[in-house]
J.: 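Let me give you the structure first, and then I'll get to my questions.
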Amino acid sequence: MSSKSRAAAGSVPDDGVLFGPLETAKSPDPAITPGPFKGTRQSLREWQVPEWYRDAKFGIWAHWGPQSAVEYGDWYARNMYIQGNKQYEYHLKTYGHPTKVGFEDLIPKWTADRFYPDHLLGLYKRAGAKYFCSMAVHHDGFDLWDSKYHPRWNAIATGPKRDIVGAFKKAAQKHGLRFALSEHLAPSYHWFSTSHMSDKTGPLAGVPYDGADPAYADLYHQLPKYYPYGYQILNDRQAPVQWKQHYLNRIRDLVNKYQPDLLYSDGDIFFEEYGLALVADLYNVSANVHGGRCEAVYTSKLPSDCEVGTCILDWERGVAAGIPANPWQTDSCIGEWHYNRGARYKSPKYVVDLLVDIVSRNGNLMLNFPLPNSGELDYEELVILDEITKWMAINSEGIYASRPWKIFGDGPVATAPQTGEGTRFNESGRKELTADEVRFTTRGDTLYAFVMGWPEKLALIKPLATSSPLSPPKISKVELLGYEDRVMWAQDEQGLTVVMPEKKPCDHAITLKIV
């Protein structure tokens, strides 16, 4: 046990977070907000994707919390308790041994001393985001709001001592952005089990880390004896019923306080009837706010959850194959999820190409700009954001409120099987898109062809050939967005050929507006 007196921090509140032996599942508290949806699969299949979400296409996310205080990358709160991990070694060198300095000691270091949400969301609005997502709670179990069911470990009680979620919502409303929240809570019970372990070698081998201290069980959880410390996320059989109910209570509190337009869940609909009750509550709260019409979206990473109505399928760091019938979302990041001082960021071209590719396939992109401890974007992030802003100012007409064409695109990459195509985490297998690649979107009778690089003299859009089996429209007008003069073009059996001007209208993909 830690050498310092942790019990002096106070007694653990009796809020249902302390668990004994694993129990069989029971029914959740049925108190769902009255409205059109019940907490059943059958009822939730009646949900339909709101038009605002179909039209939005681009959102920005602040994946930010107390783990960002260290500025040393993803999953710090878990990995600092795994002997041999680079974050364990960093923690040992920088702060001390995790038997003496635990994650709870790092939370006050999250200062957010340069956190200006109005300024941030103003930048995001200019960059073309139509919705903004605030982290609400990560696997570390720290709530970024005035949490009714987690009174000791929230952003009002410690750390920045500020309602981060509330501040972000106020700024989102001011800038006319739809407001989203992300919650990663359900796996915390298992994810944080590393805090109960100990070194396997060395002078402190066998001495439990601070997570085993009962005085902090409301943060690190109280685990049964002989708990199976491992990696896999809990399923219904493994999770104690108290945790399921506590999870539901916490996220219901979040939904009712902030009434989000989108709730991102880092996983699926957790714990069956508990998760279904949560989704129904989200949708009914939204319906009550919008005169009986549900405007809210829930995301799941399990395809079977989203087959009929219910929710949006989210592909973490991945792109769907082809054009799925239902709208979907990619959540990705310009670097790592949590801020890392040594991270390498995606280039502006990569981000633009990713956005266009996703939108051409009936998807949305929710892009994380990881905030450092201070809450202020670093210089490289501002450069990337500025490049996105410039590109969107010229080309966003073909992005917002668009729908897919008959095919998403053409070119060597579009027509060749890609590494991991149609699976999550397939970003690493993406090939660079050049002027040989084209992606399509439509708005009404207008077709947009994005050429994914700058052709030297001519752009040839082969799928628009008069002989194409796609039966393309007979073209009457072609414009190059961002170029004020007319462009010369011809449509024949080879395709649509467009003569490029001497100077390109923008960096990265160019957009041909075709009527």
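Scope of the values below: all heavy atoms of this structure, side chains included, with no hydrogens, waters or symmetry mates. Predicted, not measured: the structure shown is a model, and the values here were computed from it.
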J.: Donor-acceptor pair, distance only, cut-off 3.5 Å: does the side chain of K244 make one with the backbone of Y274?
T.: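 Side chain of K244 to backbone of Y274: no pair is present.
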
J.: Can you tell me if Q48 has over 12 outside heavy atoms packed within less than 6.0 Å of its CD?
T.: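 For Q48, atom CD is not crowded (no more than 12 foreign heavy atoms under 6.0 Å).
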
J.: Working to the nearest 0.5 angstrom, can you tell me the gap between I82 CD1 and D199 CG?
T.: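 So the CD1 of I82 and the CG of D199 are separated by 12.0 Å.
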
J.: ring-ring contact (aromatic ring centres under 6.0 Å, His included) with W47: which residues, sequence neighbours excluded?
T.: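 W47 satisfies ring-ring contact (aromatic ring centres under 6.0 Å, His included) with Y283 only.
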
J.: Which pair of heavy atoms, one from Q329 and one from I312, lies closest together, and at what distance?
T.: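 So the minimum-distance heavy-atom pair works out to N-CG2, 4.0 Å.
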
J.: With sequence neighbours excluded, what pairs up with W64 under the ring-ring contact (aromatic ring centres under 6.0 Å, His included) test?
T.: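 Result, ring-ring contact (aromatic ring centres under 6.0 Å, His included) vs W64: W110, F115.
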
J.: Should the pair H63 and W61 be assigned to parallel (<30°), tilted (30 to 60°) or perpendicular (>60°) ring geometry?
T.: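 Correct class here is perpendicular.
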
J.: Which of parallel (below 30°), tilted (30 to 60°) and perpendicular (above 60°) describes Y81 and Y209?
T.: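 If you compare the ring of Y81 with that of Y209, the planes turn out tilted.
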
J.: Taking the basic N atoms (NZ, or NE/NH1/NH2) and the acidic carboxylate oxygens, is any pair closer than 4.0 Å for D357 and R430?
T.: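 Yes, charged N to carboxylate O under 4.0 Å.
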
J.: What heavy-atom pair brings A212 and H196 nearest, and what distance separates the two atoms?
T.: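 Smallest heavy-atom distance, with atoms named: CA-ND1, 3.9 Å.
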
J.: Do V207 and H97 come close enough that some side-chain heavy atom pair is under 4.5 Å?
T.: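 Counting from C-beta outward, V207 and H97 never come under 4.5 Å.
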
J.: Between H221 and H190, is the ring centre distance below 6.0 Å?
T.: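 Distance test on ring centres: not under 6.0 Å, no.
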
J.: Which residue, W191, Y247, Y264, forms the ring-ring contact (aromatic ring centres under 6.0 Å, His included) with H184?
T.: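 With H184 as partner, W191, Y247, Y264 yield a single ring-ring contact (aromatic ring centres under 6.0 Å, His included), made by Y264.
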
J.: Do other residues, nucleotides or ligands put more than 12 heavy atoms under 6.0 Å from K257 NZ?
T.: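 Yes.
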
J.: Classify the ring geometry between H91 and Y95 as parallel (under 30°), tilted (30 to 60°) or perpendicular (over 60°).
T.: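 Ring orientation, 0 to 90° scale: tilted.
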
J.: List the atom pairs, donor and acceptor, that lie under 3.5 Å between side-chain atoms in residues 285-297 and the rest of the protein, sequence neighbours left out.
T.:
residue, atom, partner, partner atom, Å
S286, OG, E295, N, 2.8
S286, OG, A296, N, 3.2
N288, ND2, P34, O, 3.3
N288, ND2, N284, O, 3.3
R293, NE, E295, OE2, 3.0
E295, OE1, R178, NH2, 2.9

